[in-house]
Number of protein chains: 2
Amino acid sequence: MSVTPDSTERLIRIGEVARGAGVSVRAVRYYEQQGLLTPERSPSGQRLYRQDAIAMVRFFQQMYAAGLTSRRITELLPCWEAGHTDADQRAMLRVERERIQAKIDELEAARDRLDQVIAITDTHP
Amino acid sequence: MSVTPDSTERLIRIGEVARGAGVSVRAVRYYEQQGLLTPERSPSGQRLYRQDAIAMVRFFQQMYAAGLTSRRITELLPCWEAGHTDADQRAMLRVERERIQAKIDELEAARDRLDQVIAITDTHP
DNA sequence: CTTGCCTCTGACGTCAGCGTCAGGTTTTAG
DNA sequence: CTAAAACCTGACGCTGACGTCAGAGGCAAG
């Protein structure tokens, strides 16, 4: 991340972004609506993305999977786009980190619970 | 779990179940609608639960938190209610267990990603 | 030129686990 | 006996990340 804008870079259209990241075209448009992506536009109005948009979308998916909302992701974007952060953003990073850790603990407890049941049902078929 | 129905047991009403498990009364009614709980009824129509309903609700919450749907939970209920299972149910248990494990791996990756950002933003304030 | 694929802008639909309000009955406390 | 608290049955609302459909324009190939 933190990619320097290169004016000679080959721009890609929305379909290539979607295929590259393994999401739908609709999803990519949605990310723009949420302020996560701000592509250029061709004279005819088509969206034009830089190559790294694919990596960004993959990253968004990872954060969504971790339970962050679009709003939270936009609030945290400056943290690795610009490398500049204020105290509020660093605090938010920690809060989200702890939320994720707590969720991991929950899931491990649930997994262990299922493992118990599996062990029992395997010995008492 | 696997509690033997005891006819001399003191039955409790929905509010006590909800408070005991830390959920809303609405949630407990919803669980019944989904087939997770089947309380008796008083002559006037009020729901009467056995004591272990509280533990059941806590368990439902744990499974919900792990990403299982109401339907899945109902399908798996016989596994520890009766202790009797067929091959399909044991297969489902494994599938859900693997889903949870995959989710844990995802979350750990996301957490590590945030940890990197935190480390960077802490050294470059 | 036209065929066929890609893209555009709205805008409504979905799903799951509840929240919430309405309007009425039941149980409990004083 | 009475008032408050708890319970009942519908039934609509909410949230978030998209799916999906409609109708129309854009673009390289033959």
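Each chain gets a letter, A, B and so on, in the order its sequence line appears, and its residues count up from 1.
Within residues 38-49 of chain B, the residues that have a heavy atom under 4.0 Å from DNA chain D are, in order of number, B:Arg41, B:Gly45, B:Gln46, B:Arg47. Near DNA chain D, meaning a heavy atom under 4.0 Å away, the residues from residues 15-34 of chain B are B:Gly15, B:Arg26, B:Arg29.
A salt bridge links B:Arg72 with B:Glu75: at least one charged nitrogen is closer than 4.0 Å to a carboxylate oxygen.
Rounding to whole angstrom units, CD of residue B:Gln61 and C1' of C:dC18 are separated by 10 Å. The separation between A:Arg71 atom CZ and D:dC18 atom P is 17 Å, rounded to whole Å. For A:Leu36 and D:dC18, the CG to C1' distance is 13 Å, given to the nearest whole Å. To the nearest angstrom, P of D:dG16 lies 11 Å from OH of A:Tyr64. Atom CG in B:Leu37 sits roughly 12 Å away from atom P in C:dC18 (whole-Å rounding). In this structure, B:Ile12 atom CD1 and C:dT27 atom C1' are separated by 16 Å, rounded to whole Å. The separation between A:Ile14 atom CD1 and D:dG26 atom C1' is 15 Å, rounded to whole Å.
For C:dG17, the OP1/OP2 oxygens have a side-chain nitrogen or oxygen of B:Ser70 closer than 4.0 Å.
Considering all non-hydrogen atoms of both residues, B:Thr74 and B:Gln34 come closest at CG2-O, 3.2 Å. Between B:Ala110 and A:Gln62, the shortest heavy-atom distance links the atoms N-NE2, 3.6 Å. Shown here for A:Tyr49 and A:Arg13, the closest heavy-atom pair between the two residues is CD1-C, 4.2 Å.
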Would you check, one step at a time, whether the test side-chain contact (heavy atoms from CB on, under 4.5 Å) holds for A:Leu37 with A:Phe60? CA-CA 10 Å; A:Leu37 291 174; A:Phe60 298 154; 3.9 Å; yes
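Of the residues listed (A:Glu106, A:Arg99, A:Lys103), the one engaging B:Leu107 in a side-chain contact (heavy atoms from CB on, under 4.5 Å) is A:Lys103, and it is the only one. Between A:Pro39 and the options A:Arg47, A:Arg29, A:Gln46, a side-chain contact (heavy atoms from CB on, under 4.5 Å) holds for only A:Arg47.
B:Asp115 contributes atom CG, which lies 4.5 Å from atom CZ of A:Arg97 (distance to the nearest 0.5 angstrom).
Contacts of A:Ile73 with the nucleic acid, taken as non-hydrogen atoms under 4.0 Å apart, are absent.
For B:Asp112 and B:Gln116, the side-chain atoms include no donor-acceptor pair closer than 3.5 Å.
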